[in-house]
Q: 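Sharing a structure with you now.
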Amino acid sequence: MRPYIIIVSEVTVDGKLTLYRGASSKELMTLMDQEAYRYLHEIRAKVDGIMVGCETVRTDNPSLTVRYVEGKNPIRVIPCSTANVPLDANIFSKDAPTIIVTTLRAPEERIQRIRELGAEVWVVGEDLVDFDKLMPLLYERGIKSLMVEGGASINWELIKRGYVDEIRLIHLPVVVGGENVPTLVGGEGFKSLKNLLHLRLRAHFRRGHHLITEWEVVRS
Ligand SMILES: NC(=O)C1=CN([C@@H]2O[C@H](COP(=O)(O)OP(=O)(O)OC[C@H]3O[C@@H](n4cnc5c(N)ncnc54)[C@H](OP(=O)(O)O)[C@@H]3O)[C@@H](O)[C@H]2O)C=CC1
Ligand SMILES: Nc1nc(O)c(N)c(N[C@@H]2O[C@H](COP(=O)(O)O)[C@@H](O)[C@H]2O)n1
């Protein structure tokens, strides 16, 4: 068993997640209007868990809590192979439980420092976080629905394993350009027609000035 997984991200017309590699997406986020923020936080309020990769934590310092609408904060789940998460990161706030999922490569001293901050540390994997082992552990923890808010690499890791059930996009009417800027899905890519992830458009509508599209993964 695994959580039901929904990727939710803001993307530009040219599919970018941020202004340039290494840039915080919070700059682009300033283009989102209040209605788009409410849409995002409505989903956060409905799910049991929320995941971002640790590069996103290092780059954006997200809180991943529910504001803009009423609702319970989801459990924060951060895959991070060496537990290299800044100890002053917002995700260590007491607003919600936080699970740092790491590997045998993480220094014991760092694991202890993180646990002293009140976060849980799960060692799942030897070199990289083992998502195949992690999924049933999240489900057993009570995370029956998981929102994944990027970034590009984590989105790929979950998509390539067939773990993603939906993709919901907040479209920004801008072009960022740039050939190495993170897009919605990074990683090595499927590279072949027969391996592509197929989707069905379930809904499209406006929230404020933004087009929202909601896609369901089509299982072959
Ligand atoms: N527009 C939007 O909606 C959003 C935009 N973003 C943007 O995306 C960018 C970040 O994306 P990206 O750089 O791809 O980083 P990610 O946030 O996807 O994190 C990738 C990191 O996750 C860690 N990781 C843990 N387990 C694994 C695994 N099994 N396989 C691969 N990686 C693993 C690795 O770090 P380690 O080696 O330390 O384990 C890896 O470098 C930022 O610029 C951010 O602003 C982010 C979220 C939303
Ligand atoms: N830029 C952006 N657009 C979206 O649509 C997103 N889902 C995200 N996700 C992540 O959330 C962070 C902002 O969350 P907080 O306001 O800090 O709770 C953002 O930095 C991304 O990491 N981002």
Side-chain angles (χ1 to χ4, degrees), residues 6-12 14-33 35-45 47 50-69 73-74 76-86 89-91 93 95-96 99-107 110 122-135 147-161 163 167-172 174 176 178 180-188 207 210 212-213:
I6 307 169
I7 286 178
V8 186
S9 271
E10 127 204 280
V11 288
T12 63
D14 54 334
K16 305 292 201 280
L17 288 188
T18 188
L19 291 172
Y20 53 87
R21 184 163 294 280
S24 170
S25 67
K26 288 197 172 179
E27 287 184 271
L28 264 188
M29 220 169 180
T30 59
L31 300 179
M32 277 173 42
D33 63 21
E35 265 309 298
Y37 272 101
R38 267 195 283 282
Y39 173 76
L40 178 65
H41 285 242
E42 283 162 6
I43 305 170
R44 288 186 178 182
V47 295
I50 186 168
M51 177 186 284
V52 295
C54 60
E55 194 56 40
T56 291
V57 172
R58 292 189 285 256
T59 307
D60 290 9
N61 192 21
S63 306
L64 303 180
T65 54
V66 175
R67 288 114 49 206
Y68 299 96
V69 297
N73 294 331
R76 297 173 290 208
V77 182
I78 314 293
C80 197
S81 317
T82 59
N84 179 20
V85 181
N90 290 334
I91 49 126
S93 76
D95 302 298
I99 303 169
I100 304 296
V101 187
T102 194
T103 71
L104 293 174
R105 287 196 291 137
R110 192 177 292 163
W122 295 3
V123 179
V124 184
E126 295 185 12
D127 181 40
L128 283 178
V129 169
D130 185 330
F131 284 104
D132 297 329
K133 289 187 177 145
L134 176 60
M135 290 298 138
M147 174 180 190
V148 178
E149 293 195 34
S153 309
I154 288 302
N155 288 347
W156 166 250
E157 292 302 322
L158 294 168
I159 283 173
K160 85 174 180 186
R161 290 172 173 80
Y163 288 150
I167 296 177
R168 300 185 193 173
L169 301 178
I170 299 168
H171 295 269
L172 292 183
V174 294
V176 164
N180 72 336
V181 182
T183 60
L184 181 66
V185 184
E188 59 265 22
R207 284 295 293 261
H210 296 279
I212 307 286
T213 55

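Each ligand, and each atom within it, is numbered from 1 in the order the structure gives.
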Q: Test side chain to side chain contact (heavy atoms under 4.5 Å, CB included) on S25 and L17 and set out the steps.
A: CA-CA 7 Å; S25 67; L17 288 188; 5.7 Å; no
Q: I'd like to check which ligand 2 atoms, numbered from 1 as shown, lie under 4.0 Å from a non-hydrogen atom of L40.
A: 7 (N)
Q: Using a 4.0 Å cutoff against the non-hydrogen atoms of D60, which atoms of ligand 2 qualify?
A: 19 (C), 20 (O), 21 (C), 22 (O)
Q: Check ligand 2 against P62 and write out every atom of the ligand that is under 4.0 Å from a heavy-atom position of the residue.
A: 12 (C), 17 (O), 22 (O)
Q: Using the side-chain contact (heavy atoms from CB on, under 4.5 Å) rule, pick out the option among T56, I99, I100 that qualifies with I91.
A: I100
Q: For D95, run the side-chain contact (heavy atoms from CB on, under 4.5 Å) check against L64, V66, N90, T65 and tell me which one passes.
A: T65
Q: Could you find the nearest protein heavy atom to atom 26 (N) of ligand 1 and give me its residue, atom name and distance?
A: V129 CB, 3.4 Å
Q: Is any side-chain heavy atom of L19 less than 4.5 Å from a side-chain heavy atom of L28?
A: yes
Q: Is there side-chain contact between R58 and N84, with at least one heavy-atom pair below 4.5 Å?
A: yes
Q: Can an N or O of S25 be found at a distance shorter than 3.5 Å from an N or O of ligand 2?
A: yes
Q: Which of the numbered atoms in ligand 1 are below 4.0 angstrom from a heavy atom of E157?
A: 30 (N), 31 (C)
Q: Quick test of your reading of the structure: of I154, T183, N155, V85, whose heavy atom lies closest to atom 22 (O) of ligand 1?
A: I154
Q: Ignoring angles and geometry beyond distance, decide whether Y20 reaches within less than 3.5 Å of ligand 1 through its nitrogen or oxygen atoms.
A: no
Q: Any side-chain donor-acceptor pair under 3.5 Å between T12 and D14?
A: yes
Q: Quick test: of every protein heavy atom, which one is nearest to atom 10 (C) of ligand 1, and how far off is it to 0.1 Å?
A: T56 OG1, 3.5 Å
Q: Can you list the atoms of ligand 1 that are under 4.0 Å from a heavy atom of T18?
A: 43 (O)
Q: Any idea which atoms of ligand 2 are less than 4.0 Å away from a heavy-atom of E149?
A: 6 (C), 7 (N), 8 (C), 9 (N), 10 (C), 11 (O)
Q: Looking at side-chain heavy atoms only, is the closest gap between Y39 and R168 below 4.5 Å?
A: yes
Q: Can you confirm whether something in the protein, heavy atoms only, sits under 4.0 Å from atom 40 (C) of ligand 1?
A: no
Q: Give the atom numbers and elements of ligand 1 that come within less than 4.0 Å of a heavy atom of S24.
A: 45 (O)
Q: If you measure from atom 20 (C) of ligand 1 to every heavy atom of P182, S153, P62, which option wins on shortest distance?
A: S153
Q: Please compare S25, C54, G22 and report which has the shortest non-hydrogen distance to atom 34 (C) of ligand 1.
A: C54
Q: Does NZ in K133 sit with more than 12 non-hydrogen atoms of other residues, nucleotides or ligands closer than 6.0 Å?
A: no
Q: Would you say E10 and ligand 2 have an N/O pair spaced under 3.5 Å apart?
A: yes
Q: Could you check atom 16 (P) of ligand 1 against the protein and tell me its nearest heavy-atom contact, residue, atom and distance included?
A: G151 N, 3.6 Å
Q: Counting from 1, what ligand 1 atoms have a heavy atom of S81 closer than 4.0 Å?
A: 25 (C), 26 (N), 36 (P), 37 (O), 39 (O)
Q: Quick one: nearest non-hydrogen protein atom to atom 3 (O) of ligand 1, plus distance?
A: E10 N, 3.0 Å
Q: May I ask whether D60 places a heavy atom under 4.0 Å from ligand 1?
A: yes
Q: If the plane angle is over 60° it's perpendicular, under 30° parallel, otherwise tilted; pick one for Y37 and Y68.
A: parallel
Q: Could you tell me, atom by atom, which parts of ligand 2 come under 4.0 Å of a heavy atom of V8?
A: 7 (N)
Q: Relative to the heavy atoms of T56, which atoms of ligand 2 are at a distance of less than 4.0 Å?
A: 22 (O)
Q: Go through ligand 2 atom by atom and flag the ones less than 4.0 Å from a non-hydrogen atom of S63.
A: 15 (P), 17 (O), 18 (O)
Q: Any atoms of ligand 1 less than 4.0 Å from a non-hydrogen atom of L128? List them with their elements.
A: 29 (N), 30 (N)
Q: Between E42 and R38, does any side-chain N to carboxylate O distance fall below 4.0 Å?
A: no
Q: Just which atoms of ligand 1 are under 4.0 Å from any heavy atom in S9?
A: 2 (C), 3 (O)
Q: Return the option from G187, A83, G150, A23 holding the heavy atom at the smallest distance from atom 42 (C) of ligand 1.
A: A23
Q: Kindly indicate whether the side chain of M135, heavy atoms from C-beta on, has any atom under 4.5 Å from the side chain of L158.
A: yes
Q: Purely on distance, is any nitrogen or oxygen of R44 under 3.5 Å from one on ligand 2?
A: yes
Q: Report, in ascending order of atom number, the atoms of ligand 2 lying under 4.0 Å from any heavy atom of S9.
A: 5 (O)
Q: Where on R58 is there a heavy atom closer than 4.0 Å to ligand 1, on the side chain, on the backbone, on both, or on neither?
A: side chain
Q: Side chains of T82 and R110, heavy atoms from C-beta outward: is any pair under 4.5 Å?
A: yes
Q: What is the nearest protein non-hydrogen atom to atom 18 (O) of ligand 2, stated with its residue, atom name and distance?
A: R67 NH1, 2.7 Å
Q: Please check whether V52 reaches ligand 2 - meaning an N/O of the residue sits under 3.5 Å from an N/O of the ligand, judged on distance alone.
A: no
Q: As an exercise, identify every atom of ligand 1 less than 4.0 angstrom from a heavy atom of C80.
A: 25 (C), 38 (O), 39 (O)
Q: If the cut-off is 4.0 Å to any non-hydrogen atom of E149, which atoms of ligand 1 fall inside it?
A: 46 (C), 47 (C), 48 (C)
